[in-house]
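Have a look at the structure below before the remarks.
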Amino acid sequence: MAKANYIRVIIDRAIHRELDYLVPETLADRVGVGSRVRVPFRDKSTLATVVAALDHSEAEGIRPIEAVIGEAPILSEQLLELARWISAYYCCPIETVMRSLLPQVIRRAEVGWKKQLFVRPARKIDNEEIEKLRKRAPRQAELLEVIAQLEGAMRAADLLRHTSLDNQTLRALVRRGLAELHEEAAVRDPHADEQFIATSNLVLNDEQSLALKRITQALDSPEDARPILLHGVTGSGKTEIYLQAIRAALERGRSAIVLVPEISLTPQTVEGFKGRFAEAQDAVAVLHSHLSEGERHDEWHKIHSGRARIAIGPRSAVFAPLKSLGLIVVDEEHENTYKQEEAPRYHARDVAVVRAKIEKCVVVLGSATPSLESYHNATTGKYRLATLTQRVDEKQMPLMRVVDLRQERRKERAIAILSGKLRGAIADRLEKREQTILFLNRRGFSTSLLCTNCGEARNCPNCSVALTFHRHVARLSCHLCGHTAAVPKKCPACGKDALIYAGFGTEKVESTVSQIFPKAAVRRMDADSMTRKEAYRETLRSFRAGKIEILVGTQMIAKGLHFPNVTLVGIINADLALHLPDFRAGERTFQLLTQVAGRAGRGETPGEVFVQTYTPFSPSIQFARHHDFAGYFQQELEFRERCDFPPFKHAILITIRSGHEERAKFSAETLMRRLKESLSPEFILGDPMPAPLEKLQGEFRFHILIRGEAIMRLSRLVRETLNKLPFPEDVTVTVDVDPYQLL
Ligand code: ADP
Ligand code: ZN
C-alpha cells in the first residue's frame, strides 16, 4: 500500500462533497484507497470511505483521521469507479451509492467473526498426574484424561458434549495450568448442515455448445468482449451453460458473479451451484436478503478474502467484492426486481454491464423473454446474441389455449374464476395424478368491498386504492401502506346494508378450487401464506414430492421453478398487467405469460396452458400463444419508436410529493419552469401531472416525465436544477432514471 500523507474521503452523510484529512504517521501503512476510516466531522466523528490518496492538500484547517476500520481496504478501485458511475448516471449522491455498495455490517464494522473457544492440553500430561487428581477431583480427572490425549485443539463445546461434563470443570483445569483455552474465528455458514450432491458437466447439445463457445471465446479475449445476450426458450438449459461458463472462468484463474431475481433464489438454485462446485466447500458464497448480519459479514469476507470464487445472489450481489472477476451472469435479465425502487435507483443488469466494462470481464444476460432494451442492443450489434430455440431432449413447448372470458360469461352468467374448459383440464390432471399450477397476480379474497346502494368502495385513507378483503384474518387491508380495517356491517357512507365483495384474489381462487375439487390437495403460495421463512421451502418440497396436486399462487410461482410433473398451467386472468398505465404493460404481459407457461411440460408429458382473458386478441397474448418472440418484439419496438419510449429514448421520472396537495402541486410547477429554462429542446419535457397513484401513504404525488437520448447529460442537468431549488421542508422530490414504476 502506498503511504499517503493526505486522503480524500466520502463521509457517510449527505453533504454532497468530498473532504480531505491528514493521515498520522502511525496509521499511514494501514490506509489506502478503499479503506474505511473514522474521521472528525464538525464536532462529532463519522465513518467514511477513502477515495483517493494525496501527496498534498489545499484544504484549510485540515484535521487528522481518528482510526482505521478493519485490516485491509474493502473497496477496490474498480468498485469505486463503478460507484461514481452510478452516482452520475442515476442522479444520486455518492454517499447514498455507498450504502448499497457495502452491506451495513461491513460499513460499520460492528459485527466481527464469531469466536469459538478451543481447548488443548497446556503441556504433556502423564497418567500419574491424572490419578493424583482423581482422588481430589474425579470429574476434573475424567475430563483431563480426554484432553491429555488430544492431538491438536478441540472445540470446547464439542468436548463438553462428548464427555457430558460442564464448563466449570473445564475452567478448573485451566486454573490449575493443565488445559489451555483460545479463541478462533468460526464461519457462520447458513448452508453448513446441508449436503450438496456433487454433479458434473452434462453433455451439451449443439445449440448449447455454440452458446458456450461464444462465452469461452469472450473469456479468452475479454478486452474486446461485448455483452452476450443468451436468448433461450424456457427449458432450453440455460443454467447448464452458466455452470460450464463459470467453470471455464475458474479454469482461467478468474472469479464469477451470478445474479438471480430475489424470487428465484430458491434452495433448488443454490443446490445447483453448490453441487457443481462442491470440490471446495467455500467455493460458492450465497448473498440473499434473509442472511443474519453475522452470516452476511462472513459471506462478504469469504468473497473479499478470495476463498469464495463464485458469488450468487439477487440485485446487490452485483457489488460482490471479488478479485479478478472474469464473468458476470445475469439470469432472467428482463426481471423488474433488478431495479432498486429506492435510492440509488439502479438497475442491476445495467450496472453489471458497466462493471464488466470496468473490470474487463465477460457479461452474459440470459432470458427466455429478453427485455426490449437488451434485445434491441443485440440486434443493433451492441451485444452479441446466442440463441437456444429448442427445449432440451426435444421436449415440446407447451400448447397454449386462449379462453375468451366474454364468451364464458355469456354461458355461465356469473363471473368465472375457472372457465368450464380449465375446470375440465384440472379434473383430467387429477385423474392422471399430474400436477397443476394456477396463477393470479393478486393477493387476498376480494379486491374491493362495494356498496350496491351508493356505489362507494372502501378505500384506504392513506392511498388512492381500494382495500382488499383477506378472509383468513377477516379484515380489509391496503397492499400499499399496510393499513388494515375491520369489515363494516353496513356501508359507512350511506348506512345501507348493501355491501358486496367484488373482484377476486388468490385466496378466493384457492377456496373456489377446493369447493369444486373437494378431494384435491390444494395449496396457496403468496406473500400472505408464506410469511414464515420455512413455509416457502416446505411448500416447494411437498409440491415436488407430489403431496400438493394444485398450487395456486402469485408471481412467486411464476419463475424458475422446475417440476417435471406439472402438465397444466392456468392463468386465471391475463389482463391484469395489460391495463396498467405503463408503456411496459404489453411487454410485462408477454413476459409473464411466457414465463408462467414455461412451468408446464418440463417432464416427459407435454404441457398445456390455459390463458383466461377478456382481450383474447391483444398482441401480447397472441404472440405469447404462438411462442413468437420475434413477432412480439417487432411490433412492440415499433410502438416504442412511435412514442419516443425506451429503447429509443431514456426516461427520467421526477416525483414530487407532500402531505399538502397544494404545496406538492406548486413545487412541481416551479420545478417544471426551471427545467424548461435549463433543458435544451432535444429533451422532451412533459407537463407535471398527478401520478396515476395520486395518493400514497398519506402523501399527494405529482410526476414530471422527461425523455431524451443523452442520458448522462440529462441526469446532470436535472441534478443541477434540483440543487439550485429550495423546496419546502414537507415536499420530497425523488429522481428515477430509467424508471420501471410509473405509478
Ligand atoms: P432454462 O433455464 O433454460 O429454462 P433449465 O436450465 O432449467 O432451462 O434446464 C431444464 C432442464 O434440462 C434441467 O433439468 C437441466 O438439468 C436439463 N438439461 C440442461 N442441459 C442439458 C443437457 N445438455 N442434457 C440433458 N439435460 C440437460
Ligand atoms: Zn394505504
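Atoms within each ligand, like the ligands themselves, are counted from 1 in listed order. What's counted below: heavy atoms across the whole structure, side chains too, no hydrogens, waters or symmetry copies. Worth saying up front: this structure is predicted, and the values here are computed from it rather than measured.
- Counting only N and O atoms by type, the side chains of R391 and S236 include no donor and acceptor under 3.5 Å apart.
- If you number the atoms of ligand 1 from 1 as listed, the ones under 4.0 Å from a heavy atom of L204 come out as 23 (N).
- Every atom of ligand 1 with a heavy atom of V203 under 4.0 Å away is listed here by number and element: 22 (C), 23 (N), 24 (N).
- Ligand 1 has no nitrogen or oxygen under 3.5 angstrom from a nitrogen or oxygen of L202.
- The residue among S367, G232, A368, G237 with a heavy atom at the shortest distance from atom 5 (P) of ligand 1 is G237.
- For ligand 1, the polar-atom distance check finds no N/O of T234 at less than 3.5 Å from any of the ligand's N/O atoms.
- At under 3.5 Å, a nitrogen or oxygen of G235, whether backbone or side chain, sits near a nitrogen or oxygen of ligand 1.
- Looking at Q208 against ligand 1, only its side chain comes within 4.0 Å, counting heavy atoms.
- Counting the atoms of ligand 1 from 1 in the order shown, those under 4.0 Å from a heavy atom of S236 are 1 (P), 3 (O), 8 (O).
- Of all protein atoms, those that are N, O or S and lie under 2.8 Å from the Zn ion (ligand 2) total 4.
- When each atom of ligand 1 is checked for a heavy atom of T239 under 4.0 Å away, the hits are 2 (O), 6 (O).
- Short contacts between ligand 1 and V233, defined as distances under 4.0 Å to a heavy atom of the residue, involve ligand atoms 3 (O).
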